[in-house]
Amino acid sequence: MDAFGILVERHHSRVINLAFRLTGDAELARDIAQDCFLKLHRAAEKYRSRGRFIAYLSAITRNLALDAHRRHSRQRPVTLDHLDYYQQSGAALTGKGPETPERLLERRQSEERLQTALAQLPEDQRTVFVLSEIEQLSYGEIAVICECPEGTVASRKHNALLKLQKLLLRKGAHRR
Amino acid sequence: MKTPCQQRDLNISRWLDGELEPDTAAELEIHVEGCPDCRAAVAERRELRQRWDLPAPLLSTSADRDLIVDASQRQALLKRQREIDAHGVFTELNRLFQRPLFFNLATAFGVLVAVLLALDLQNQLSDPSGTGNWQKSVPVYSQVEYESVQAGKKLSILDNDEMPMGY
């Protein structure tokens, strides 16, 4: 396997899941991941290390997800039936041994709730939230990706949290 | 108008993300310990965080990855083909000379050694004695020249009055 193959092996999962969180569409996420790596391959000669590679990859994914979102302007309903996540054995997912159907169902519901809540956030807040909470990027890295000041990242993240708090916990309104 | 605690709310998010300056973080931590509202906010934020502590929803399959690697190889071949179509042999020569200087020098030295060895081999083939005088010591005569030389030797012997010793 060549260097590019190793890179795909290592980061593919992260890219498809980031694309899925940003678009809410599994099929589209797979297409975005493919485009992302091909774009990376085309630009490999021009790549200069100016920070974490993950941040660079996340920036490409985010831009492609935005483009794809604009192309598919009509928001599709969030459906998780096509996710292979629920068709796999729990052991493969968590590494903690086989899971019961009840546990898998619970996970499915949690996933559905989260994805539905994310779909209700404005695009800029969703991007910041996903990059920060799920991709674990720093505010500085997100600021570079979103081309905005770190203060804006902090406020978008905060607003996203307040909305999610309302949507997922049905509380937190007293703080506004 | 926001209360001081509501204003601190933004800082709580930054603090939990580890994005707050150490001095401000220490100050906030002291405040949170003594403020029930802020303590509740921190607890809520931590509870919320557990909601997305889920395994990745999509699995990366080897089929997906192979598809990408295959597509990248096709893409590289197409790019190369386009370059060759656009610039022909000059692109290939350019690619050759884009190699490191050391590589080019080593290649030039190798070619020079090969030429010298070839010349030396040619010389040895035409001079089996190895004396370097092979071509000088054996004059090449045509048949007519050879015969006239031989005839001249005979004549000189016959014309000589003083016969050599032993005759």
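Every chain is numbered from 1, with letters handed out A, B, ... down the list of sequences.
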Checking B:Arg51 side chain against A:Leu168 main chain: does a donor-acceptor pair fall under 3.5 Å? yes
Part of A:Leu161 within contact of chain B (heavy atom distance under 4.5 Å): both
Results of salt bridge (Lys or Arg N to Asp or Glu O under 4.0 Å) for A:Glu133 - residues two or more places apart only: A:Lys157, B:Arg49
Rounded at 0.5 Å granularity, tell me how far CZ in B:Arg65 sits from NE2 in A:His12. 7.5 Å
Is it the backbone or the side chain of A:Ala117 that comes under 4.5 Å from a heavy atom of chain B, or both, or neither? neither
Output the option from B:Ser13, B:Ala71, B:Ser72 having the highest count of non-hydrogen pairs under 4.5 Å with chain A. B:Ser72
Tell me whether B:Leu67 is reachable from A:Phe4 by hopping between hydrophobic residues (I, L, V, M, F, W, Y) whose side-chain heavy atoms are closer than 4.5 Å. no
Would one find more than 12 heavy atoms of other residues, nucleotides or ligands at under 6.0 Å from atom CD of B:Glu27? no
To the nearest 0.5 angstrom, please state how far the CZ atom of A:Arg21 sits from the CG atom of B:Leu58. 8.5 Å
Quick check: is B:Phe109 connected to B:Leu117 through a chain of hydrophobic side chains (ILVMFWY, heavy atoms under 4.5 Å apart)? yes
Are A:Val128 and A:Ile54 grouped together when hydrophobic residues (ILVMFWY) are joined by side-chain heavy atoms under 4.5 angstrom apart? yes
Hey, does the side chain of B:Glu19 reach the backbone of A:Ser138 with a donor-acceptor pair shorter than 3.5 angstrom? no
Establish whether A:Leu38 and A:Phe53 are linked, either directly or via other cluster members, by ILVMFWY side-chain heavy-atom contacts under 4.5 Å. no
What do you reckon, is CZ of A:Arg10 surrounded by more than 12 foreign heavy atoms closer than 6.0 Å? no
Hydrophobic cluster identity match, A:Leu66 and A:Ile60, side-chain contacts under 4.5 Å: no
Is there a side-chain contact between B:Trp52 and A:Leu118 (heavy atoms, below 4.5 Å)? no
Hey, is the main chain of B:Glu44 close enough, under 3.5 Å, to the side chain of A:Gln165 for a donor-acceptor pair? no
Student check: side-chain heavy atoms of B:Arg14 and A:Tyr139 closer than 4.5 Å: yes
Check whether any side-chain heavy atom of B:Val69 sits under 4.5 Å from a side-chain heavy atom of A:His41, and report yes or no. no
Is the shortest side-chain heavy-atom distance between A:Ser132 and B:Asp17 below 4.5 Å? yes
Can you name the nearest heavy-atom pair linking A:Val8 to B:Ile68, along with the distance? CG2-CG2, 4.0 Å
By salt bridge (Lys or Arg N to Asp or Glu O under 4.0 Å), which residues pair with B:Glu21, not counting sequence neighbours? none
